[in-house]
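Scroll down for the structure; my scribbles are underneath it.
Since the model is a prediction, treat every value here as computed from it, not as a measurement. Along the sequence shown, residues carry numbers from 1.
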Amino acid sequence: MGADYYETDEQREMIAANGGIPIGIGKNSHIKRAIIDKNARIGNNVKIMNREDVHEAARETDGYFIKGGIVTVIKDAVIQSGVVI
């Protein structure tokens with residue numbers, strides 16, 4: 001995971017105060033067997049672990065896809081807080 005630009009602490013606080021999700025991985029989120037592309041915004045309490053052992057899924061409109069059982073969160077995706085993948 002990386003980013004094309006940097007958000008200062010002040011910008012991150014303002015984004016969160018307005019209901020948005022800052023770039024990066026939120027608090028209490030758990031990620032296992034996944035690739036997170038750059039500029040992704042992953043909310044708090046998200047679980048990305050392919051809990052249902054899906055081998056192939058095209059869910060780009062939801063910000064991710066699964067190939068070979070590995071979840072890939074796509075570039076610039078926003079995964080809302082509390083989502084389980």
Between Asn39 and Tyr5, does a side chain to side chain contact (heavy atoms under 4.5 Å, CB included) hold up when you go through it step by step?
-> CA-CA 8 Å; Asn39 302 333; Tyr5 47 90; 4.2 Å; yes

Identify the residue among Asp76, Ile15, Ile79 that makes a side-chain contact (heavy atoms from CB on, under 4.5 Å) with Arg41.
->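 Going through the options one by one, the only one that passes is Ile15.
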
Report the distance from atom [atom1] of [X] to atom [atom2] of [Y], rounding to the nearest 0.5 Å.
X: Ile85; Y: Arg51; atom1: CD1; atom2: CZ; value: 11.5 Å
X: Ile48; Y: Ile35; atom1: CD1; atom2: CD1; value: 12.0 Å
X: Ile31; Y: Ile36; atom1: CD1; atom2: CD1; value: 4.0 Å

Looking at every heavy atom in both [X] and [Y], which two are closest together, and how far apart are they?
X: Pro22; Y: Arg12; result: CB-NH1, 3.4 Å
X: Gly43; Y: Ser81; result: CA-OG, 3.5 Å
X: Ile42; Y: Ser29; result: CG2-OG, 4.3 Å
X: Val54; Y: Asn50; result: O-ND2, 2.7 Å
X: Lys38; Y: Asp4; result: NZ-OD1, 2.9 Å
X: Tyr64; Y: Val73; result: CB-CA, 4.1 Å

How about [X] and [Y]: do any of their side-chain heavy atoms sit closer than 4.5 Å?
X: Arg33; Y: Met49; result: no
X: Phe65; Y: Glu60; result: yes
X: Asn44; Y: Asn28; result: no

With the 4.5 Å side-chain cut-off for hydrophobic clustering, are Val83 and Ile21 part of the same group?
->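 Different hydrophobic clusters.
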
Flag yes if more than 12 heavy atoms outside Glu52 fall under 6.0 Å of its CD atom; otherwise flag no.
->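 Atom CD in Glu52 is not crowded, with 12 or fewer foreign heavy atoms closer than 6.0 Å.
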
Does any N or O in the side chain of Gln11 come within less than 3.5 Å of the main-chain N or O of Thr8, such that one atom is a donor and the other an acceptor?
->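 Yes.
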
Verdict with supporting geometry, Glu56 and Ile66, side chain to side chain contact (heavy atoms under 4.5 Å, CB included) = CA-CA 5 Å; Glu56 304 290 326; Ile66 302 171; over 6 Å; no

